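Step one of this worksheet: look at the structure below.
When reading the values below, keep in mind they use all heavy atoms of this one structure, side chains included, and skip hydrogens, waters and symmetry mates. Since the model is a prediction, treat every value here as computed from it, not as a measurement.
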Amino acid sequence: MNDTAQLTYSPERHTIPSPSGSFRLAPMTCSLGAELFDVNLGDASRDDALFAELRELLLEYKVLFLRDQDISRAEHVALAERFGPLEDHPVAGSDPDHPGLVQIYKDLDSPAEHYENAFHCDATWRENPPMGCVLRCVETPPVGGDTIWVNMAEAYAKLPVAVKKQIDGLRARHSIEASFGAAQPTEQRHSLHQRFPDAEHPVVRTHPETGEKILFVNAFATHFVNYHTPENIRYGIDYAPGSSNLLNYLISQAAIPEYQVRWRWTPNSVAIWDNRSTQHYAVQDYWPAVRKMERAGIVGDRPF
């Protein structure tokens, strides 16, 4: 029986109306992510009611995806600024006419680096990591270059009870020197550290708007700062393997597929994500193709 049409999946056939009924959306996985239809982000940058609805959906789904968003850089920035002030990046370059709009351009002349292709939460080396980001695809490879997002509230919720007890109250150090600085010459790396000293954050943070508990360690985390207690340490030799093994175990939770959603980019597609409750991984499988993205990161608050 030739029933190809029934086997073809189209997300637009599986949509539900938005709360206001003004547009449609399709949940992407059982864990996180929703694709929106019949929404123009240029309009959302000017329309209070539409933006408020997008913000509520972001809290629910953690990542929102849209295609065919032929918006200007000014509209991109205006939309992101509705969430809050934008921040620049000390390593990646920004558009000179739109401060805070970081240009993540990869082409044949780009130096080899491996920063994006690790599960990470943006800029946790800051005392106040970003609240979220709006990322637009300018140019994408014909295949490859996907991005994966992870629901870190779900990752925390599914931890064994014994692990939750063990990490309750733990804090971790996050470092730009140990990540972006790792491939830099020594003096440049030390200068980066002086400009951005390591930050300390709770291993389990609380989402300031939803109250969710979130596992908040990622590729920027280097070690626990308060692990050395009588409950954890018998001899000094316990510290290094005990704390590092636990940290690596926690970081590895982001790699569990049940907590993930994967997005295939097309030109003018956009992702908006809550950086407080997710991690992401930019898959670098597309060389020698070109991939150009523009990202507006939104200033966040101090994790607690």
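A salt bridge does not link Lys62 with Asp274: none of the charged nitrogens is closer than 4.0 Å to a carboxylate oxygen. Using a 4.0 Å cut-off between charged nitrogen and carboxylate oxygen, Glu177 and Arg195 do not count as a salt-bridge pair. By the 4.0 Å N-to-carboxylate-O rule, Asp107 lies too far from Arg291 to be salt-bridged with it.
Using a 4.5 Å cut-off between side-chain heavy atoms of Ile, Leu, Val, Met, Phe, Trp and Tyr, with links allowed through other members, Ile148 and Val143 fall into different hydrophobic clusters. Linking ILVMFWY residues whenever their side-chain heavy atoms come closer than 4.5 Å, directly or via other members, places Ile233 and Leu247 in the same cluster. By the criterion of side-chain heavy atoms lying less than 4.5 angstrom apart, applied directly or through intervening Ile, Leu, Val, Met, Phe, Trp or Tyr residues, Leu108 is not grouped with Met293; the two fall into different hydrophobic clusters. Linking ILVMFWY side-chain heavy atoms closer than 4.5 Å, directly or via other members, places Val63 and Ile104 in a single hydrophobic cluster. A single hydrophobic cluster is seen to contain both Ile214 and Val163, as judged by linkage of ILVMFWY side chains at heavy-atom distances under 4.5 Å, directly or through other members.
Contact annotation: the side chain of His174 approaches that of His201 to within less than 4.5 Å [non-hydrogen atoms, C-beta and beyond]. Asp122 places a side-chain heavy atom less than 4.5 Å from the side chain of Arg295. With contacts defined as side-chain heavy-atom distances shorter than 4.5 Å, the pair Asn117/Asp285 does not qualify. Residues Val134 and His76 are in side-chain contact: their nearest non-hydrogen atoms beyond the backbone lie under 4.5 Å apart. At least one side-chain heavy atom of Tyr61 sits under 4.5 Å from a side-chain heavy atom of Pro27. The shortest side-chain heavy-atom distance between Phe23 and Leu50 falls under the 4.5 Å cut-off. Within the 4.5 Å cutoff, side-chain heavy atoms of Pro129 are placed close to those of Phe216. Side-chain contact between Leu86 and Glu81 is present, with heavy atoms from C-beta onward closer than 4.5 Å.
The closest side-chain donor-acceptor pair between Ser18 and Glu53 falls under 3.5 angstrom. For the residue pair Asn275/His280, the side-chain donor-acceptor check at 3.5 Å is not satisfied. If you check the side chains of Tyr105 and Glu294, you find a donor sitting under 3.5 Å from an acceptor. Side-chain contact annotation: Thr29 with Ser31, donor-acceptor N/O pair under 3.5 Å absent.
Under a 3.5 Å cut-off, the side chain of Thr210 and the backbone N or O of His207 do not form any donor-acceptor pair. Proximity of a side-chain donor or acceptor of Asp47 to a complementary backbone N or O of Asp43 within less than 3.5 Å is not detected. Judged purely by atom type and a 3.5 angstrom limit, Gln69 uses its side chain to pair as donor or acceptor with the backbone of Leu41.
Residues Cys133 and Gly297 approach most closely at SG-CA, 3.8 Å, considering heavy atoms. The heavy-atom pair separating Leu32 from Gln260 by the smallest distance is CD2-C, 3.6 Å. Pairing each heavy atom of Val217 with each of Ala172, the nearest pair is CG1-CB, 4.0 Å. When all heavy atoms are compared, the tightest approach of Tyr286 to Gly145 is CD2-CA, 3.5 Å. For the pair Thr147 and Ala282, the tightest heavy-atom approach, listed with the atom from each and the gap, is OG1-CA, 4.2 Å. In terms of heavy atoms, Ser45 sits closest to Leu79 at CB-N, 3.6 Å.
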Take Leu250 and Leu159 through the side chain to side chain contact (heavy atoms under 4.5 Å, CB included) test and state the conclusion after the steps. CA-CA 9 Å; Leu250 296 175; Leu159 283 174; 4.3 Å; yes
For Gln279 and Gln253: C-alpha separation, side-chain torsions, deciding distance, then whether side chain to side chain contact (heavy atoms under 4.5 Å, CB included) applies. CA-CA 11 Å; Gln279 291 186 32; Gln253 299 305 295; over 6 Å; no
Using the rule given for side-chain hydrogen bond (donor to acceptor under 3.5 Å, both in side chains), can you reason through Asn218 versus Thr124, listing the C-alpha separation, both sets of side-chain angles and the distance that settles it, and then say yes or no? CA-CA 8 Å; Asn218 66 92; Thr124 56; 3.2 Å; yes
Please assess Glu209 against Arg55 for the test salt bridge (charged side-chain N to carboxylate O under 4.0 Å, His left out), listing each intermediate value before the final yes or no. CA-CA 11 Å; Glu209 296 184 75; Arg55 188 182 181 102; 3.3 Å; yes
Chi angles and distances behind the side chain to side chain contact (heavy atoms under 4.5 Å, CB included) call for Leu25, Thr15: CA-CA 5 Å; Leu25 61 108; Thr15 59; over 6 Å; no
Does Arg171 form a side chain to side chain contact (heavy atoms under 4.5 Å, CB included) with Val203? I'd like the steps, not just the answer. CA-CA 5 Å; Arg171 298 180 64 82; Val203 169; 5.6 Å; no
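Aromatic ring pairs are classed by plane angle as parallel below 30°, tilted from 30° to 60° and perpendicular above 60°; the pair His120 and Phe220 is perpendicular. Aromatic ring pairs are classed by plane angle as parallel below 30°, tilted from 30° to 60° and perpendicular above 60°; the pair Phe224 and Tyr227 is parallel.
The distance from the CD atom of Glu87 to the CG atom of Asn128 is 9.0 Å, given to the nearest 0.5 Å. Rounded to the nearest 0.5 Å, atoms CG (Asn232) and CG (Leu246) are 8.5 Å apart. Atom NZ of residue Lys106 and atom CD of residue Glu139 lie 13.5 Å apart, to the nearest 0.5 angstrom. Between Thr222 atom OG1 and Trp125 atom CH2 the span is 14.5 Å, to the nearest 0.5 Å. For the atom pair Gln103 CD and His98 NE2, the distance stands at 10.5 Å (nearest 0.5 Å). A distance of 10.0 Å separates OH of Tyr249 from CD of Gln166, quoted to the nearest 0.5 Å.
Checking each of Arg82, Arg136, Arg46 against Glu75 for a salt bridge (charged side-chain N to carboxylate O under 4.0 Å, His left out) leaves exactly one that passes, namely Arg46. If you run ring-ring contact (aromatic ring centres under 6.0 Å, His included) between Phe65 and each of Trp149, Phe37, Trp265, Trp273, only Trp149 comes through.
Taking the ring axis of Trp263 as reference, the NZ or CZ atom of Arg67 stays within 45° of it and closer than 6.0 Å to the ring centre.
With sequence neighbours excluded, the residues that form a salt bridge (Lys or Arg N to Asp or Glu O under 4.0 Å) with Lys158 are Glu154. Taking Val204 as the reference, Tyr156, Ile167, Lys213 meet the side chain to side chain contact (heavy atoms under 4.5 Å, CB included) condition, with sequence neighbours excluded.
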